[in-house]
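First the structure, in the form of structure tokens, and then the observations on it.
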Amino acid sequence: MSLIEIALGGFLGAMARYLFYLFVEVRWRQPKIATLLVNILGSFVLGAFVGSGNLSVFWLTGFLGAFTTFSTMALDAVKDFEDGNWLAGISYLAANLVVGLGLFVLAYTIF
């Protein structure tokens, strides 16, 4: 049963991420912002689930695993570095890490 829950959660998480990207792209034309927002939102939601004791594989491994994206964050940062935008790349990575970790801790503490 767990594999089915993970698969369904992953499918829905991937679709949610794609729709979120489309929304942000149309609104702000900034895919990096979409990745940052997905990662920090996912960190907050993960903290809320773990803090509340809800360790459902559907949500944690499936949905949030597919909704958040480390690999796209890495690609965005590498593109900045290749373009010589070191400050932008480092700031982007720091924002993902610091804000994501901060929101995880906040949600974990609240819930």
Side-chain angles (χ1 to χ4, degrees):
M1 186 63 171
S2 290
L3 290 178
I4 293 170
E5 291 172 338
I6 292 168
L8 181 58
F11 171 76
L12 294 174
M15 294 299 104
R17 181 172 80 199
Y18 178 71
L19 292 172
F20 188 82
Y21 271 75
L22 289 179
F23 172 77
V24 171
E25 182 63 27
V26 166
R27 192 157 184 93
W28 294 297
R29 302 204 180 276
Q30 293 291 324
K32 279 177 56 176
I33 290 175
T35 302
L36 174 63
L37 292 175
V38 158
N39 286 339
I40 63 176
L41 177 62
S43 294
F44 181 81
V45 173
L46 180 65
F49 275 111
V50 173
S52 70
N54 184 346
L55 303 178
S56 162
V57 294
F58 172 87
W59 288 110
L60 301 184
T61 305
F63 187 88
L64 290 172
F67 184 68
T68 59
T69 173
F70 184 85
S71 57
T72 302
M73 178 194 66
L75 175 63
D76 290 341
V78 167
K79 285 181 183 177
D80 281 338
F81 297 147
E82 287 178 342
D83 292 341
N85 297 326
W86 286 88
L87 183 59
I90 291 170
S91 298
Y92 177 68
L93 290 173
N96 271 279
L97 179 63
V98 172
V99 177
L101 182 59
L103 286 177
F104 175 88
V105 170
L106 176 67
Y108 181 81
T109 303
I110 292 171
F111 295 97

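- Following chains of ILVMFWY side-chain contacts shorter than 4.5 Å, one can reach Ile33 starting from Phe70, so the two form part of one hydrophobic cluster.
- Using a 30° and 60° split on the angle between ring planes, Phe20 and Phe23 fall in the tilted class, from 30° to 60°.
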**Request:** Would you please test Phe49 and Leu64 for side-chain contact (heavy atoms from CB on, under 4.5 Å) and show each step?
**Result:** CA-CA 10 Å; Phe49 275 111; Leu64 290 172; 4.2 Å; yes

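- In this view, Ser56 and Asn54, Phe58, Trp59 satisfy the side-chain contact (heavy atoms from CB on, under 4.5 Å) rule, not counting sequence neighbours.
- Residue pairs meeting the salt bridge (charged side-chain N to carboxylate O under 4.0 Å, His left out) criterion with at least one partner in residues 5-31, sequence neighbours excluded, are absent.
- No donor-acceptor pair under 3.5 Å is formed between the side chain of Asn96 and the backbone N or O of Ile40.
- The hydrophobic clustering, which links ILVMFWY residues whose side-chain heavy atoms are closer than 4.5 Å, places Met15 and Val45 together.
- Taken together through direct or relayed side-chain contacts under 4.5 Å among Ile, Leu, Val, Met, Phe, Trp and Tyr, Leu19 and Trp28 form parts of separate hydrophobic clusters.
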Under 3.5 Å donor-acceptor pairs involving side-chain atoms of residues 99-111, not counting sequence neighbours:
residue	atom	partner	partner atom	Å
Thr109	OG1	Val105	O	2.7

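- Minimum heavy-atom separation, Ala77 to Gly89: CB-O, 4.3 Å.
- Summarising the geometry of Leu46 relative to Leu60, their closest heavy-atom pair is CD1-CD2, 3.3 Å, with the distance given to 0.1 Å.
- For Ala16 against Phe63, the heavy-atom pair with the smallest separation is CB-CZ, 3.8 Å.
- For residues 78-101, the pairs satisfying salt bridge (charged side-chain N to carboxylate O under 4.0 Å, His left out) are Lys32-Asp80, with sequence neighbours left out.
- Atom CZ of Phe11 has 12 or fewer neighbouring heavy atoms from other residues, nucleotides or ligands inside a 6.0 Å radius.
- Considering all non-hydrogen atoms of both residues, Gly42 and Thr68 come closest at CA-CG2, 3.5 Å.
- Annotation: side-chain contact (heavy atoms from CB on, under 4.5 Å) contacts of Ala95 (sequence neighbours excluded): Leu36.
- When hydrophobic clusters are built by joining Ile, Leu, Val, Met, Phe, Trp and Tyr residues whose side-chain heavy atoms come closer than 4.5 Å, directly or via intermediates, Ile6 is not grouped with Ile4.
- At a threshold of 4.5 Å between side-chain heavy atoms, the hydrophobic network of Ile, Leu, Val, Met, Phe, Trp and Tyr places Val57 and Leu12 in two separate groups.
- Under the ring pair (Phe, Tyr, Trp, His ring centres under 6.0 Å) criterion, Tyr21 pairs with no residue at all, not counting sequence neighbours.
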